[in-house]
Amino acid sequence: MTKEKKLYQFPEGFLWGSSTSGPQSEGTVPGDGKGMSNWDYWFSIEPERFHNQVGPSQTSTFYTNYKSDIELLKATGHTIFRPSIQWSRLIPDGVGEVNRKAVDFYRDVFKRINETGVKLIVNLYHFDIPYALQEKGGWETKETVEAYENYARTCFELFGDLVDTWITFNEPIVPVECGYLGNYHYPGKVDAKAAVQVAYNTQLASALAVKACHETNPEHKICVVLNLTPAYPRSQSEEDVKAARIAELFQTKSFLDPSVLGEYPRELVEIINKHGLTPDYTDEELAIIKEHTVDFLGVNYYQPLRVQARTTPWDESQPFMPNYYFQGYDMPGKKINPHRGWEIYEPGIYDIAMNLKENYGNIDWILTENGMGVEGEEKFKVDGMIQDDYRIEFIENHLIELHRAIEEGANCHGYMLWTFIDCWSWLNAYKNRYGLVELDLETQQRTIKKSGHWFKQLSEQNGFER
Ligand code: BGP
C-alpha cells in the first residue's frame with residue numbers, strides 16, 4: 001500500500017532563497033582597494049588556526065565571478081538573496097574615505113540582482129570588522145559604535161536606491177561568545193566583562209542603524225538576524241528548567257529582547273550586575289535601544305541547545321562564563337548530521353515560531369539561515385553532479401515544521417538556505433559544504449547540485465508534496 005502524499009503549500013508570495021556573506025564569498029584581488037579585516041589580520045598571524053591553513057583571501061571568488069554567479073540565482077529558483085557588504089571593502093580604515101571600487105562593485109551587484117527580479121536583503125555585518133578599528137579595541141569601544149553608525153548611514157545613502165531591505169548584524173552573539181569568551185574568533189579573549197560590553201555596544205549599534213535607516217529612507221525595512229535556538233532542558237526538574245531559562249537569557253534573549261521589545265530582560269540584568277559585569281552605558285543610549293526596535297526579524301536555525309543544571313560546582317578560580325549556571329547536555333539517541341556532527345531537530349523551527357508569536361508580538365520574520373554542512377561531499381558525485389538527497393530531505397523536514405507553524409499563525413515570510421555556492425567558513429574554511437551549487441576549488445567552476453535543481457522546483461511550486 002502506498003502512503004498518500006501530502007501537499008505542503010506555502011502562502012502566496014512566500015520567498016525562497018539563500019544567504020551568504022561578503023567575507024565568505026567575495027575574495028580579494030590585487031588593487032581592489034579592500035582594507036584588512038579582523039579575519040585577514042588573524043590569518044596573517046595564526047594561519048594554523050584555520051582548517052588546512054586556508055584563509056579568507058580567495059573564498060568563492062564572487063568579486064571576480066559575480067556576473068555569472070547572479071545568473072545562477074534564477075537557475076536555482078531564488079526569489080530572495082542575502083549577500084553582505086564588507087565594511088573593510090567599503091571603508092578600508094573603518095572610518096574616513098570610501099573605496100570607490102567597492103561602491104562600483106556593490107552597485108553593480110545590486111543592480112544586476114534587481115534586474116533578475118530576485119528580492120535583495122543586504123546585511124551590513126557578518127562577523128567582520130575593519131582591522132584598523134579592531135586594533136583600537138573594536139566593539140569594546142564606543143568609537144566603533146560611532147564608526148558603525150556612520151558606515152551604516154553611508155550604505156543607506158550609497159545603495160538606498162537599489163536596496164530597500166537591510167540587516168544590521170548577523171548572529172551578533174557569535175563574535176561575543178567566540179571572540180571574548182571561547183577563543184574561537186579573533187581577538188580570542190576570555191573576559192566576561194569585555195564580552196558584556198561588546199554585546200551591549202553591538203546592540204546599541206544595531207539600534208543606531210535602525211534609526212539611521214528610517215531617517216534616510218522612511219519606507220525601508222531593517223532587521224537583525226539572530227540564531228534563536230531554544231534551550232531545551234534535560235528534564236523537567238526545577239534545576240534543569242532553571243538552567244535552560246538562564247541559558248536562553250544569555251544565548252537568545254540578550255539580543256532578541258532589546259531588538260524587538262526595546263529592553264533587556266530583568267533577570268539577565270540582575271545576573272550581569274551580580275557578577276560585576278555591568279557595561280558602560282547611559283540612559284540616553286538605553287532610550288535609543290528602546291525607541292529603535294527592528295521592523296522584522298531574521299532567524300537562523302541549525303541545531304538546538306540542550307542544557308542541564310551543573311553536575312559539578314563551578315570552580316571559583318575560573319573566570320566567569322555563562323555556564324556558571326548551566327552545562328551542555330549530550331542527549332542520548334539524538335538525530336545527528338553524520339557529515340558535520342551537529343544535531344538535527346526539526347521541531348526547533350516550530351518552537352521558535354511559536355515563541356515569536358506568543359512572546360514577541362508575532363513579529364514578521366524570515367528564516368534567514370538553515371542548512372546542512374557536509375564534509376567530503378565530493379564522494380556523493382555521480383556523473384558530474386552532487387546527488388545531495390540528504391540535503392533535500394533535511395530541507396523538506398524543516399519545511400514541514402515551518403509549514404505547521406505558519407498554519408498556526410506564525411508570521412514567517414520566507415525560507416533561505418545557507419548557502420548559495422559552497423563558501424569559505426571561518427575556521428572550518430571549506431571543510432563543510434552547504435551550497436545549492438558546488439564549487440570546485442581548483443578550477444573555481446560552479447556546478448548546480450541535485451538540491452539546486454530541486455530548490456528551483458520547490459520555489460516554482462511554492463511548496464512540495466511528500
Ligand atoms: C552560521 C554562520 C555562517 C556559516 C554557518 C555554517 O552560524 O552565520 O556564516 O558559517 O554558520 O557554519 P560552519 O561552516 O562552521 O558549519
Side-chain angles (χ1 to χ4, degrees), residues 17-27 37-39 42-43 49-52 54-56 59-60 62 81-87 121-129 167-179 182-186 202 206 223-229 251-252 255-256 297-305 336-345 348-349 352 366-377 388 390-391 394-395 398 415-439 441 451:
S18 71
S19 293
T20 186
S21 80
Q24 293 174 271
S25 65
E26 288 173 9
S37 72
N38 50 338
W39 292 96
W42 194 22
F43 183 69
R49 294 288 302 264
F50 296 72
H51 180 70
N52 287 344
V54 177
T59 66
S60 38
F62 184 72
F81 181 57
R82 157 161 86 106
S84 82
I85 294 173
Q86 288 197 79
W87 186 354
I121 169 167
V122 174
N123 179 19
L124 295 172
Y125 194 93
H126 203 117
F127 311 162
D128 58 319
I129 182 171
I167 297 167
T168 61
F169 287 87
N170 175 74
E171 299 186 355
I173 192 76
V174 168
V176 175
E177 282 188 301
C178 297
N183 192 8
Y184 296 122
H185 285 187
Y186 193 77
T202 308
S206 180
C223 74
V224 63
V225 167
L226 302 176
N227 40 333
L228 292 183
T229 171
Q251 304 279 339
T252 61
F255 282 99
L256 179 60
L297 267 183
V299 176
N300 292 353
Y301 178 68
Y302 289 89
Q303 56 175 339
L305 174 67
I336 279 277
N337 164 9
H339 314 293
R340 170 70 179 83
W342 280 354
E343 180 179 350
I344 299 179
Y345 183 67
I349 286 201
I352 291 172
I366 294 178
L367 192 75
T368 37
E369 280 181 38
N370 173 230
M372 188 177 178
V374 175
E375 190 175 349
E377 194 166 43
D388 51 349
Y390 42 82
R391 183 167 287 113
F394 176 98
I395 300 171
H398 282 84
Y415 175 91
M416 303 173 80
L417 189 74
W418 185 267
T419 187
F420 172 36
I421 300 172
D422 290 336
C423 68
W424 180 84
S425 190
W426 321 113
L427 300 187
N428 289 328
Y430 283 101
K431 190 161 84 163
N432 310 311
R433 301 305 186 98
Y434 283 86
L436 291 170
V437 179
E438 180 204 357
L439 175 73
L441 284 185
S451 61

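First listed ligand is number 1; within each ligand, the first listed atom is number 1.
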Going by the 4.0 angstrom heavy-atom rule, the piece of K431 near ligand 1 is neither
Please find out if less than 6.0 Å separates the ring center of F50 from that of W42. yes
Could you check atom 7 (O) of ligand 1 against the protein and tell me its nearest heavy-atom contact, residue, atom and distance included? E171 OE1, 2.8 Å
For W418, the ligand 1 atoms with a heavy-atom partner under 4.0 Å come out as 3 (C), 4 (C), 5 (C), 9 (O)
How are the rings of Y434 and Y302 set to each other: parallel, tilted or perpendicular (split at 30° and 60°)? perpendicular
With a 3.5 Å distance limit and no angle check, can you tell me whether T419 reaches the backbone of S19 through a side-chain donor-acceptor pair? yes
Counting only heavy atoms closer than 4.0 Å, does ligand 1 sit against the backbone of N227, its side chain, both, or neither? neither
So, N300 side chain and E369 main chain: donor-acceptor pair closer than 3.5 Å or not? yes
Among protein heavy atoms, which lies nearest atom 14 (O) of ligand 1, and at what distance? S425 OG, 2.4 Å
Ligand 1 atoms nearer than 4.0 angstrom to some heavy atom of W426 are 9 (O), 10 (O)
In terms of the angle between their ring planes, are W426 and W39 parallel, tilted or perpendicular, with boundaries placed at 30° and 60°? tilted
heavy-atom search around atom 2 (C) of ligand 1 in the protein gives E369 OE1, 3.5 Å
N432: numbered ligand 1 atoms lying under 4.0 Å from its heavy atoms: 16 (O)
Heteroatom distance test (W342, ligand 1): nitrogen or oxygen, under 3.5 angstrom: no
In this structure, atom 5 (C) of ligand 1 is nearest to the protein heavy atom Y302 OH, 3.5 Å
Identity and separation of the nearest protein heavy atom to atom 15 (O) of ligand 1: N428 ND2, 2.9 Å
Going by the atom numbers of ligand 1, which of them fall below 4.0 Å from some non-hydrogen atom of N170? 8 (O)
Close N or O approach (Y434, ligand 1; < 3.5 Å): yes
Verify the distance criterion only: is there a donor paired with an acceptor across the side chains of D422 and Y430 at less than 3.5 Å? no
Within the structure, does R340 bring an N/O atom to less than 3.5 angstrom of an N/O atom in ligand 1? yes
Can you name the nearest heavy-atom pair linking P338 to I336, along with the distance? CD-O, 3.1 Å
Ring centres under 6.0 Å, that's the criterion: do Y390 and H339 meet it? yes
Quick one: do E171 and F127 satisfy side-chain contact (heavy atoms from CB on, under 4.5 Å)? Show the steps, please. CA-CA 8 Å; E171 299 186 355; F127 311 162; 3.7 Å; yes
